[in-house]
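Since the structure comes first, as structure tokens, the remarks are kept for the end.
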Amino acid sequence: MNKSDHTQHPLHPAVWAGISGLVLASAINTANAEVVQESLKTDHLNLSIERIADGFEHPWAVAFLPDGRYLVSERSGQLKLVDPTNGETSTLEGMPEVSARGQGGLLDVVLHPDFKEGNGGGDNDWIYFTWSKPEGNNSRSALSRIKWQDGELGEIEHLFEQDRASGPGRHYGSRLAWLPDGTLLMSIGDRGSDPPRAQASDDHAGSTLRLTATGGVPDDNPFVGDDTTLDEIYSMGNRNIQGMTVLSNGEAWASEHGPRTGDELNHIEAGNNYGWPKVSQGNDYATNEPIGEDSLPGMVDPVYVFAGRFAPAGLAEVTSDVFGEWQGNLLAGGLGSEKLLRLRLEEGRVAEEELILQGEVGRIRDVRQGADDAIYLLTDDPQGGLYRLAPSNP
């Protein structure tokens with residue numbers, strides 16, 4: 001493999017002085033980005049891979065503040081603030097106590113689309129996050145937001161929680177994505193122990209929800225006025241969506257865990273039923289026998305079924321022209337497979353798949369494009385890392 005000089009991580013303006021009392025000390029070292037690979041050859045371009053920060057405890061999501069710093073959620077309940085200008089990483093105070101058993105904890109994190117970060121705190125300077133809310137021996141998928149004001153975490157507002165608590169530890173879903181009209185999509189998994197919940201219209205489990213920015217129900221949600229279906233539900237029959245993005249054309253796409261194989265890519269549209277567990281391309285964990293039918297009337301087949309046990313998590317559209325032929329493609333991360341796949345869409349189908357990474361960084365939990373046009377990856381590990389992919393010279 002040919003080597004070349006790697007693309008250096010750009011430095012951002014240093015702002016937000018005087019944050020004493022805001023943070024707790026952290027041992028994470030981000031002082032210097034570490035080159036993992038100087039030149040990784042793909043079909044259309046070469047990439048450099050840098051590790052920007054590491055030492056995160058099972059990180060789940062990354063969001064980008066306007067000043068160039070990063071927010072990283074950890075499943076154990078901490079929200080980390082990473083400053084690439086000086087290598088400092090800190091733990092922000094003010095987050096709620098989470099149910100951190102199994103797959104639960106502090107999960108996705110996104111900013112309000114109109115987040116401005118003014119000196120006094122803009123009206124929409126909210127950080128939205130999903131989490132597993134403890135309730136005795138059970139838990140619920142929940143959505144909250146916390147105000148970012150003068151460089152501090154301020155008031156917290158609890159916006160939504162699923163309609164019923166159940167055993168902790170599995171299938172919370174919890175990806176968030178903003179639609180162009182300012183409404184918010186949220187995935188909720190089937191919670192693992194009772195898959196048919198995903199077909200119950202009076203149960204939030206196994207669905208995507210569409211909410212207002214304050215956690216309310218948009219008047220034009222597909223089941224508003226249907227007494228048999230919860231108003232928040234946008235789609236049903238979704239086993240466990242852990243990758244979700246809204247494309248530049250406004251379409252919502254999601255990558256979803258199947259049981260044993262059968263991981264799916266779906267175009268999420270209002271009112272659709274995606275079949276789980278009546279329809280599945282996967283097999284039972286114990287017997288390895290197929291679960292459900294391949295297809296049924298009234299249920300939407302997946303756009304694409306990932307080969308083998310991909311274990312999808314993290315999904316992003318490449319919108320920057322610095323990636324050339326990749327522009328408009330999807331990048332899908334994998335946990336157990338440790339893969340990053342490039343998927344080219346054509347007329348609503350996957351016309352091309354390319355393997356970009358397999359094991360170079362580990363279990364990929366999140367995939368995002370940053371404001372600097374680079375692609376960022378988070379790895380799920382007791383000492384997880386934040387990685388940056390950018391085009392390099394051939």
Begin from the C-alpha positions of W178 and Y128 and carry the test ring pair (Phe, Tyr, Trp, His ring centres under 6.0 Å) through to its verdict.
-> CA-CA 11 Å; W178 293 100; Y128 288 72; 5.0 Å; yes

Can R164 and D203 be said to form a salt bridge (Lys or Arg N to Asp or Glu O under 4.0 Å), step by step?
-> CA-CA 8 Å; R164 65 194 72 175; D203 190 340; 3.5 Å; yes

Could you walk me through whether L331 and L377 pass the side chain to side chain contact (heavy atoms under 4.5 Å, CB included) check?
-> CA-CA 10 Å; L331 294 177; L377 309 175; over 6 Å; no

For W60 and Q242, what are the C-alpha separation, side-chain angles and deciding distance, and is it a side chain to side chain contact (heavy atoms under 4.5 Å, CB included)?
-> CA-CA 10 Å; W60 216 89; Q242 290 198 5; 4.1 Å; yes

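A donor-acceptor pair under 3.5 Å is formed between the side chain of D372 and the backbone N or O of A374. In terms of modelled atom types and a separation under 3.5 Å, the side chain of S201 and the main chain of T228 share a donor-acceptor contact. Although no hydrogens or angles enter the test, the distance criterion places a donor-acceptor pair under 3.5 Å between the side chain of E317 and the main chain of S248. Y304 places no side-chain N or O within donor-acceptor distance of the main-chain N or O of N266, the cut-off being under 3.5 Å. Side chain of Q162 to main chain of S141: a donor-acceptor pair is present (N/O by atom type, distance under 3.5 Å, no hydrogens or angles). When atom types are taken as modelled, the side chain of S132 and the backbone of G105 share a donor-acceptor pair closer than 3.5 angstrom. With hydrogens and angles ignored, the 3.5 Å screen pairs no side-chain donor or acceptor of S207 with any backbone N or O of I233. With hydrogens and angles ignored, the 3.5 Å screen pairs a side-chain donor or acceptor of H257 with a backbone N or O of P312. Remark: side-chain polar atoms of E354 are paired, donor with acceptor, to backbone N or O of D43 under 3.5 angstrom. Judged purely by atom type and a 3.5 angstrom limit, Q327 uses its side chain to pair as donor or acceptor with the backbone of T319.
Aromatic ring centres of F160 and H204: separated by under 6.0 Å. The aromatic ring centres of H158 and W131 sit less than 6.0 Å apart. Aromatic ring centres of Y70 and Y376: separated by under 6.0 Å.
Residue D220 places its CG atom among more than 12 non-hydrogen atoms of other residues, nucleotides or ligands, all under 6.0 Å distant. By the neighbour-count criterion of 12 heavy atoms within 6.0 Å, atom CZ of R101 is sparsely surrounded, having that number or fewer from other residues, nucleotides or ligands. For D227, the CG atom sits in a loose shell: 12 or fewer heavy atoms of surrounding residues, nucleotides or ligands are nearer than 6.0 Å. Residue D219 qualifies as open at atom CG: its count of foreign heavy atoms under 6.0 Å is 12 or below.
Taking a cutoff of 4.0 Å between a charged side-chain nitrogen and a carboxylate oxygen, R145 and E157 qualify as a salt bridge. Using a 4.0 Å cut-off between a side-chain N of Lys or Arg and a carboxylate O of Asp or Glu, D54 and R51 qualify as a salt bridge. Using a cut-off of 4.0 Å between Lys/Arg side-chain N and Asp/Glu carboxylate O, D284 and R260 are scored as not salt-bridged. A salt bridge does not link E256 with R239: none of the charged nitrogens is closer than 4.0 Å to a carboxylate oxygen. A salt bridge links R210 and D181; the closest N-O separation between the charged side-chain nitrogens and carboxylate oxygens is under 4.0 Å.
Here the CD-CE distance, from E93 to M95, works out to 12.5 Å after rounding to the nearest 0.5 Å. Interatomic distance, CG of L143 versus NZ of K133, reported as 12.0 Å (0.5 Å rounding). Considering CG of L357 and CG of L340, their distance stands at 5.0 Å, rounded to 0.5 Å. With rounding to the nearest 0.5 Å, the separation of CD1 in I188 from CG in N238 is 11.0 Å. Here the CG-CG distance, from L153 to L92, works out to 4.5 Å after rounding to the nearest 0.5 Å. Rounded to the nearest 0.5 angstrom, T91 OG1 and E57 CD are separated by 10.0 Å.
S295 and D301 are linked by a side-chain donor-acceptor pair at a separation below 3.5 angstrom, with hydrogens and angles left out of the test. Defined by atom type and a distance below 3.5 Å, a donor-acceptor pair is missing between the side-chain atoms of Q383 and D381. Using modelled atom types, one finds a donor on one side chain and an acceptor on the other under 3.5 Å when comparing W276 with D190. Side-chain contact check for K80 and S90: no donor-acceptor pair (N or O, by modelled atom type) lies under 3.5 Å. For the residue pair S187 and R175, no side-chain donor N or O sits within less than 3.5 Å of a side-chain acceptor on the partner. With 3.5 Å as the limit, one finds a donor-acceptor pair spanning the side chains of T208 and S235. A side-chain donor-acceptor contact under 3.5 Å links S76 and Q78. S166 and N138 are not linked by any side-chain donor-acceptor pair at a separation below 3.5 angstrom, with hydrogens and angles left out of the test. N329 and R344 form no side-chain donor-acceptor contact under 3.5 Å, judged by distance and modelled atom types alone.
A cation-pi arrangement is found for R191 relative to Y172, the charged atom lying closer than 6.0 Å to the ring centre and inside a 45° cone about the ring normal.
V303 and G348 get closest at one heavy-atom pair: CG1-O, 3.4 Å. Heavy-atom minimum distance, A316 versus Q369: CB-N, 4.4 Å. Residues F323 and A390 share a closest heavy-atom pair of CZ-CA, 4.3 Å. Across every non-hydrogen atom of P66 and L111, the tightest pair is CD-CD1, 4.4 Å. Heavy atoms only, all atoms of each residue included: R368 and D366 are closest at NE-OD2, 2.8 Å. The two residues P180 and V246 have their closest heavy-atom pair at CD-CG1, 4.1 Å.
The closest side-chain heavy-atom distance from V82 to F56 is below 4.5 Å. E353 has its side chain out of reach of R342: every pair of non-hydrogen atoms, C-beta onward, lies at least 4.5 Å apart. By the 4.5 Å heavy-atom criterion applied to side chains, Y274 and P302 are not counted as neighbours. Side-chain atoms of L106 and R75, non-hydrogen and from C-beta on, never get closer than 4.5 Å to each other. Put simply, the side chain of T379 does not reach to within 4.5 Å of the side chain of R365, judged on heavy atoms. Looking at F129 and L107, their side chains never come closer than 4.5 Å, going by heavy atoms from C-beta outward. Side chains of D163 and L230 form a contact here, defined as non-hydrogen atoms less than 4.5 Å apart. With a 4.5 Å cut-off on side-chain heavy atoms, V279 and N273 do not count as touching.
Both L47 and V318 are members of a single hydrophobic cluster when ILVMFWY side chains are connected at heavy-atom separations under 4.5 Å. A continuous path of Ile, Leu, Val, Met, Phe, Trp and Tyr side chains, each step under 4.5 Å between heavy atoms, connects M186 with W126, placing both in one hydrophobic cluster. L389 and W326 end up in the same hydrophobic cluster when Ile, Leu, Val, Met, Phe, Trp and Tyr side chains are linked at under 4.5 Å. V62 and V110 are members of different hydrophobic clusters when ILVMFWY side chains are connected at heavy-atom separations under 4.5 Å. L159 and L185 are members of different hydrophobic clusters when ILVMFWY side chains are connected at heavy-atom separations under 4.5 Å.
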